[in-house]
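Remarks on the structure that follows.
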Amino acid sequence: MSNLGTPERPLRVAIVGSGPSGFYAADALYKLSIKVKVDMFDRLPAPFGLVRYGVAPDHPKIKNVTKVYEKTAERPDFTFIGNVTVGEDISIHEMKKFYDAIIIATGAETDRKMGIEGEDLLGSYASTQFVGWYNGHPDFQDLTFDFSSEVAVVIGQGNVAMDVCRILLKTVDELKTTDITQNALETLATSKIKEVHCFGRRGPVQAAFTPIEIREFTELADCYTVISPKHFELNDASKKELEDPANAVRKKNFEILTELSKMSPDGKKKKFVMHFCNSPVEILGKGRVQQVVFEKNHLIGEPNQQKVRGSGVTNTFNCGLVFRSIGYLGVPIKGLPFHSSSGTITNQRGRITDSEQIYTGLYVSGWIKRGATGIIGTNKMDSDETVHNLFEDLENMNACPEPSTEALLAFLKSKEVRPVSFADWKKIDAAELERGKALGKSREKFVRVSGMLSAL
Ligand code: NAP
């Protein structure tokens, strides 16, 4: 019988990743009827993962969720250990010495590739790169984006694509008080982009964005939307999809798209154009992006399961920039099983497994568990499931030999790793808010790890 979870020997859980799924996992652990001690790791000195580095700067309300996470972080039985890369500074095997259970909640750090010729040409980017750049993620600050051409193409029609299109189309005035980095703001201020063309491989009824996000295009200060009436001629299966009460969100999307298609320019200088039923085939250009070749698609299959079939008819579209936005992928962690096409750590309802074994004491939560789907709140249910299964395993869990955060910190010190505590982060946070105030912005982030550490 295990004594893990008693006041004498609290259950020690490491959570790797301090984004939404990590914090929801911590919350779920604290709601258990046992005593739990959580140490949360992040490779960056700043916590909150996707909320800080993924949510668009002009969506400040969504970022308010960090206030809830802060409450968790300030608990006495919680320790934030930032600036530590699990898998490099400390291996999973080494961590098992200090923790009874480990929950991986590292999200989806990279992107899906289209797998077409020309994808790596200069001027062709992943949305992860652009989003990371304007949000101040240290991994993307050496990138340079050339906005000297007038036409940009965004491929994919999910909410990330909507973020990318909106940021490209907003005026400086619409962005200047947000927490977009000053460098991104100044670079975008020089942008010559007049048209952003967003291409979906399926139709307007199947688009992956949600109503709030598409509705924002009705409100842009200097941009109107163009959608050809031909896109509203639906096949029978799409009509049935719209009539299905389970598809209320898609019906709303369709209504908003119809509204957008009636927009007149009203003297606005920029144009957002939506194209449907077009798959990217090839990107062309001498040294840099000049054209994208698309193949026109037909939709085939039963309602709610329609797939695309290429028509063989292609058209070539001139542009100077391409952003692919066709989904995010998780990245592997040394020592853990990984499914590369879904970008997830293989698991059964949160228990890490491969075809041969269950990895005792190792769990996964959030996008690295189920793939990059759903909104921030979706991760709550996901983390609840993982923690529920962790609790079920408690009886058979192996107690770690060194149940001490001090011992863990001493181990990191021996490796010359400089961990960042939550109190440290609050200092960085205060410095960023101060820097923002000076610029009339909600925050000016440190975009390098060295900058964050220098605030301490
Ligand atoms: P997503 O919602 O899965 O959308 C991916 C898009 O890429 C879809 O339009 C998909 O079309 C298309 N696509 C996939 N493979 C393709 C290919 N080979 N060629 C052409 N198109 C392809 O992914 P996401 O936009 O990266 O968003 C990830 C998650 O974050 C989503 O759940 C999203 O809602 C969420 N998110 C939410 C917000 C917000 O709430 N404001 C903001 C950003 C992200 P098909 O439908 O045909 O597959």
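For ligands, and for the atoms within them, numbers begin at 1 and follow the listed sequence. Each residue takes its place number in the sequence, starting with 1.
Stacking of R75 on the aromatic ring of Y30 is recorded, both the 6.0 Å distance cut-off and the 45° axial limit being met.
A salt bridge is absent between E392 and R349; no separation between the charged side-chain nitrogens and carboxylate oxygens falls under 4.0 Å.
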Identify all pairs of nitrogen or oxygen atoms, one from ligand 1 and one from the protein, separated by less than 3.5 Å, and list them with distances.
residue  : atom   : partner : partner atom : Å
ligand 1 : 9 (O)  : Q157    : N            : 2.9
ligand 1 : 15 (N) : R201    : NH2          : 3.4
ligand 1 : 25 (O) : N159    : N            : 3.3
ligand 1 : 25 (O) : V160    : N            : 3.1
ligand 1 : 32 (O) : G374    : N            : 2.7
ligand 1 : 32 (O) : G374    : O            : 3.1
ligand 1 : 34 (O) : N159    : ND2          : 3.0
ligand 1 : 41 (N) : E213    : OE2          : 2.8
ligand 1 : 46 (O) : R202    : NH2          : 2.9
ligand 1 : 47 (O) : R201    : NE           : 2.8
ligand 1 : 47 (O) : R202    : NE           : 2.8
ligand 1 : 48 (O) : R201    : NH2          : 2.8

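F272 and Y224 have their aromatic ring centers separated by at least 6.0 angstrom.
Taking the ring-ring contact (aromatic ring centres under 6.0 Å, His included) definition, one finds that Y363 meets it with nothing, sequence neighbours left out.
Considering all non-hydrogen atoms of both residues, V51 and V55 come closest at O-CB, 3.6 Å.
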Please lay out, stage by stage, how K369 and T386 fare under the test side-chain hydrogen bond (donor to acceptor under 3.5 Å, both in side chains).
CA-CA 9 Å; K369 169 185 173 188; T386 296; 3.0 Å; yes
